[in-house]
Amino acid sequence: MSTRVRWAPSPTGTLHVGGAHTALFNLLFARSTGGKFVLRFEDTDRARSTEASARAICDGLRWLGLQWDEGVEVGGPYGPYRQTERLPHYQAAAGRLQASGAAYECFCTPEELETRREQARQEGRPPKYDGRCRDLSDAQRSTLRAQGRTPALRLRLPPPEPLVVHDLIYGDVEFDTAELDDFVIVKSDGLPAYNFGVVVDDVHMAMTHIIRGDEHLSNTPKQILLYRALGYDLPIFAHVPMILGPDRHKLSKRHGATSVDEFRDRGFLPEALVNYLALLGWSAPDGREILSFNEIVQAFRLERVSKSAAVYDEDKMTWMNAQHLRLLAPADLCARAATWLDAADLPWRQADPAWLGAVVEAVRERVRTLADLPDAIHYFFQPPAALDPDGVRRHMRDGTPALLAMAADRLESLTAFSAEAAEVAYRALAEERGVKPADIIHPTRLVLTGRTVGPSLFLVVQLLGRDETCRRLRAASLPAA
RNA sequence: GCCGGUAUCGUCUAGAGGCCUAGGACGCCGCCCUCUCACGGCGGUAACCCGGGUUCGAAUCCCGGUACCGGUACCA
């Protein structure tokens with residue numbers, strides 16, 4: 001039987017790196033086992049679920065290249081894929097449970113429950129539901145209903161027993177159902193509570209493996225009880241470690257970029273983010289780190305997933321992005337950076353493709369994100385607006401303008417203009433004038449690019465072309481105004 | 001509080017009783033390359049949470065403690 005897994009977020013925000021991480025592990029498992037990856041929305045929290053968020057999550061997933069085979073927006077044989085559209089399924093299951101006595105109506109209000117819980121805590125008792133609606137008579141229920149109360153449905157827990165969860169990653173984890181209470185499975189608004197909705201859907205959608213964040217490990221006993229009450233076979237559970245911020249707390253806004261959108265907007269490559277996320281809680285057997293999606297799929301085994309939470313590190317993420325940037329063809333690099341290039345008003349679309357490719361090639365090892373690209377190639381399109389003051393102080397001496405003018409003369413008299421020819425000419429000029437090559441090279445870079453750092457000077461000269469190079473050299477050799 | 005989980009360099013991790021004088025990667029430092037920066041190469045910095053066992057031998061197994069995370073909601 002082929003595997004089926006799912007990622008089931010609640011659409012209450014943007015796509016978070018934590019969510020992307022578990023979605024990725026599900027996809028990786030599906031792809032590496034030839035199974036299906038399903039996307040379902042658990043939107044039963046009416047107050048917090050939004051359509052905008054649902055769209056944002058889908059867009060984020062697609063941007064990352066984490067395409068789902070079945071589910072929201074794409075459909076499939078087990079739809080609909082939003083819980084709010086699956087009410088009949090929950091009602092049917094709830095009805096069965098109620099009919100068999102495995103579930104019962106509870107008329108306590110959330111406020112009453114909270115009050116009792118608080119009291120229990122103060123008295124040092126475990127804050128569990130006291131079961132007061134467990135054995136209500138029909139008459140009592142009618143009375144409560146007449147008072148305008150609408151009941152929630154609770155699962156009637158079987159007698160306490162030890163219960164072990166078999167987890168592919170954590171191994172056998174023992175719980176005692178005595179720690180549990182009769183929990184709500186259908187809320188008074190008629191929507192399923194989390195544990196109930198998940199079980200009904202996972203069974204109906206034929207999930208073979210449940211791969212989710214380890215914050216759900218403690219919920220698993222409740223779900224197992226539900227599987228049993230409903231007479232369903234258990235799927236295989238695998239809980240993956242969660243991702244924490246640098247302060248070891250759950251990732252949040254104050255940790256910098258944590259929503260996938262932010263990474264996109266800051267010029268990160270989706271394949272780099274995917275690669276980085278894959279390495280949080282998993283590692284390739286051969287220790288390689290820079291991997292394509294397909295390579296990860298090839299090497300991926302749930303058995304190699306670690307048990308401990310991982311702290312997200314932006315430095316390594318940035319390094320990884322730079323690594324992936326170097327793997328891109330020049331034209332791809334430009335296409336990916338289009339947004340930033342256009343925003344910087346660079347006429348890159350009109351440029352000769354071969355030339356543009358060479359320009360990009362010259363700077364690619366000097367940029368870490370797509371957002372760095374415009375600034376890195378700006379001076380190839382127009383003269384620098386200003387010269388780096390520090391560079392001026394260090395490289396411009398009294399005789400420098402004259403040297404630059406001579407350099408321009410030499411370049412103009414070259415029969416064949418190239419990086420190599422320019423370098424020969426420069427070194428000859430330096431020797432003749434009795435100065436170090438660097439004394440001409442550095443000022444040249446400064447007036448050509450406005451800065452003191454960048455690609456090999458002679459490559460810059462070649463890419464700029466003889467005319468433009470000499471124009472900038474001469475402009476700079478003019479007596480200062 | 002109770003229940004569950006986790007614990008190797010600052011961070012991500014390798015490690016499943018002797019191969020560990022604990023390996024790799026990011027970061028940081030130094031050197032080399034060199035027209036600068038970056039890349040790259042080389043070298044360095046830095047860890048088995050603590051305490052008890054078990055064993056000839058423990059980062060690896062067991063127990064206790066501690067820390068952190070999660071659950072304990074009509075949130076998911």
Side-chain angles (χ1 to χ4, degrees), chain A residues 8-10 12 42-45 47-49 83 106 108-110 113-114 117 120-121 124-129 150-154 165 167 170 173-176 178-181 183-195 197-198 213-222 239 241-242 244 246 248-250 276 279-290 304 306-320 322 326 363-368 376 391 394-395 423 426-427 430 436-442 444-446 449 451-458:
Chain A
S10 52
T12 54
E42 306 208 330
D43 55 349
T44 55
D45 184 342
R48 297 194 303 144
S49 299
Q83 292 193 320
C106 170
C108 303
T109 66
L113 292 166
E114 181 50 41
R117 250 196 309 272
R121 258 190 290 264
R125 289 181 289 116
K128 298 199 295 190
Y129 176 63
T150 42
L153 200 63
R154 285 181 187 272
V165 174
D167 188 281
Y170 286 90
V173 184
E174 262 184 75
F175 293 88
D176 186 341
E179 303 296 334
L180 272 25
D181 60 4
F183 57 92
V184 171
I185 59 176
V186 179
K187 302 185 277 186
S188 55
D189 63 4
L191 293 177
Y194 168 69
N195 287 299
V198 190
D214 73 9
E215 69 265 34
H216 290 296
L217 185 55
S218 312
N219 285 319
T220 310
K222 290 181 186 173
H239 289 88
M242 30 189 309
L244 310 175
R248 301 213 136 264
H249 282 77
K250 219 170 187 164
Y276 181 70
L279 258 27
L280 253 26
W282 175 83
S283 60
D286 60 7
R288 288 181 57 211
E289 295 200 306
I290 303 302
R304 277 192 71 81
S306 80
K307 299 197 231 310
S308 46
V311 172
Y312 156 76
D313 178 41
E314 187 157 315
D315 279 342
K316 186 146 185 179
M317 172 66 229
T318 303
W319 167 79
M320 186 154 284
R326 303 178 57 193
V363 303
R364 75 179 326 144
E365 281 174 352
R366 275 161 262 260
V367 297
R368 300 171 84 73
R394 279 188 298 150
H395 301 305
E423 177 156 15
Y426 258 68
R427 294 194 184 277
K436 287 179 295 190
D439 293 335
I440 321 184
I441 289 171
H442 289 144
T444 300
R445 172 179 290 106
L446 186 62
T449 72
R451 51 194 76 180
T452 59
V453 302
S456 163
L457 176 70
F458 303 107

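Note that the structure is a prediction, hence the values are computed from the model and not measured.
Pairing for B:A59 is absent, with no Watson-Crick or G-U wobble pair whose two atom distances lie under 3.5 Å. B:A73: no Watson-Crick or G-U partner with both key distances under 3.5 Å is found in any strand. Across all strands shown, B:C31 pairs with B:G41; the Watson-Crick or G-U wobble distances both stay below 3.5 Å. Checking B:G10 for Watson-Crick or G-U wobble geometry (two distances, each under 3.5 Å) identifies B:C26 as its partner. The partner of B:C20 is absent, by the rule that a Watson-Crick or G-U pair needs both atom distances under 3.5 Å. In this structure, B:U54 makes no Watson-Crick or G-U wobble pair, since no nucleotide meets both defining distances under 3.5 angstrom.
In this structure, A:P455 reaches the bases: a heavy-atom distance under 4.0 Å links it to at least one base atom across the strands shown. Using a 4.0 Å heavy-atom distance criterion, A:R304 is classed as a sugar-phosphate-only contact. A:E114 comes within 4.0 angstrom of no nucleic acid atom, judged by non-hydrogen atoms across all strands. Across all strands, A:S10 comes closer than 4.0 Å only to sugar-phosphate atoms, never to a base (heavy-atom distances). A:G197 comes within 4.0 angstrom of no nucleic acid atom, judged by non-hydrogen atoms across all strands. Contact annotation for A:L191: no contact, since no heavy-atom pair falls under 4.0 Å across all strands. If you check every strand for non-hydrogen atoms under 4.0 Å, A:L280 touches sugar and phosphate atoms only. Residue contacts for A:A438: at a heavy-atom cut-off of 4.0 Å it reaches no nucleic acid atom on any strand shown. Using a 4.0 Å heavy-atom cutoff across all strands shown, A:R117 reaches sugar-phosphate atoms only and no base atom. Among the heavy atoms of the strands lying under 4.0 Å from A:R326 are primed sugar atoms or P, OP1, OP2 only; no base atom is included.
Mapping A:P285 and A:T452 onto RNA chain B by nearest heavy atom places A:P285 closer to the 5' end of the strand. Where A:Y276 and A:R125 each meet RNA chain B at their nearest nucleotide, the meeting point lying more 5' is that of A:R125.
For B:C49 and B:A14, the P atoms lie 14 Å apart once the distance is rounded to whole Å. Across B:A67 and B:G27, the matching P atoms stand 34 Å from one another, rounded to whole Å.
In terms of modelled atom types and a separation under 3.5 Å, the side chain of A:R451 and the main chain of A:R445 share no donor-acceptor contact. Put simply, the side chain of A:Y129 never gets that close to the backbone of A:F183: no donor and acceptor are under 3.5 Å apart. Judged by distance alone, the side chain of A:N195 and the main-chain N or O of A:I185 form no donor-acceptor pair under 3.5 Å. Formation of a donor-acceptor pair under 3.5 Å by the A:R304 side chain with backbone atoms of A:S283 is found in this model. Although no hydrogens or angles enter the test, the distance criterion places a donor-acceptor pair under 3.5 Å between the side chain of A:D167 and the main chain of A:H239.
Ranking B:C3, B:C74, B:U13 by closeness to the A:S283 side chain, first place goes to B:U13. Distance from the side chain of A:D45 is smallest to B:C75 among B:C75, B:A7, B:C35. Taking only side-chain atoms of A:V184, from C-beta outward, the nucleotide of B:C74, B:C37, B:A7 with the closest atom is B:C74.
For the residue pair A:Y170 and A:D214, a side-chain donor N or O sits within less than 3.5 Å of a side-chain acceptor on the partner.
Atoms OH (A:Y194) and P (B:U72) sit 10 Å apart, rounded to a whole Å. For the pair A:R445 CZ and B:A38 C1', the interatomic distance rounds to 11 Å; values are reported in whole Å. In this structure, A:E365 places its CD atom 15 Å from P of B:C37, rounding to the nearest Å.
Between A:M320 and A:I290, the closest side-chain pair of non-hydrogen atoms falls below 4.5 Å.
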What are the atom names and distances for every N/O pair under 3.5 Å that joins the protein to nucleotides 68-71 of chain B?
unit_1: B:C69; atom_1: OP1; unit_2: A:H249; atom_2: NE2; d: 2.8
unit_1: B:G70; atom_1: O2'; unit_2: A:E215; atom_2: O; d: 3.0
unit_1: B:G70; atom_1: N2; unit_2: A:S218; atom_2: OG; d: 3.3

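OP1 and OP2 of B:U36 both lie 4.0 Å or more from every side-chain N or O belonging to A:R366. Here A:T444 does not reach the OP1 or OP2 of B:C35: none of its side-chain N or O atoms lies under 4.0 Å away. Proximity of A:R364 to the phosphate of B:C39: no side-chain N or O atom is located under 4.0 Å from OP1 or OP2. Between A:R121 and B:A73 there is no side-chain N or O to OP1 or OP2 distance below 4.0 Å.
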Protein proximity profile, nucleotides 20-26 of chain B - base contact B, sugar-phosphate-only contact S, no contact -, cut-off 4.0 Å on heavy atoms:
----BBS
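Checked against salt bridge (Lys or Arg N to Asp or Glu O under 4.0 Å), A:K316 has the following partners two or more places apart in sequence or in another chain: A:E289.
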Go through A:R121 and A:E114 one step at a time and tell me if the salt bridge (Lys or Arg N to Asp or Glu O under 4.0 Å) criterion holds.
CA-CA 11 Å; A:R121 258 190 290 264; A:E114 181 50 41; 3.7 Å; yes
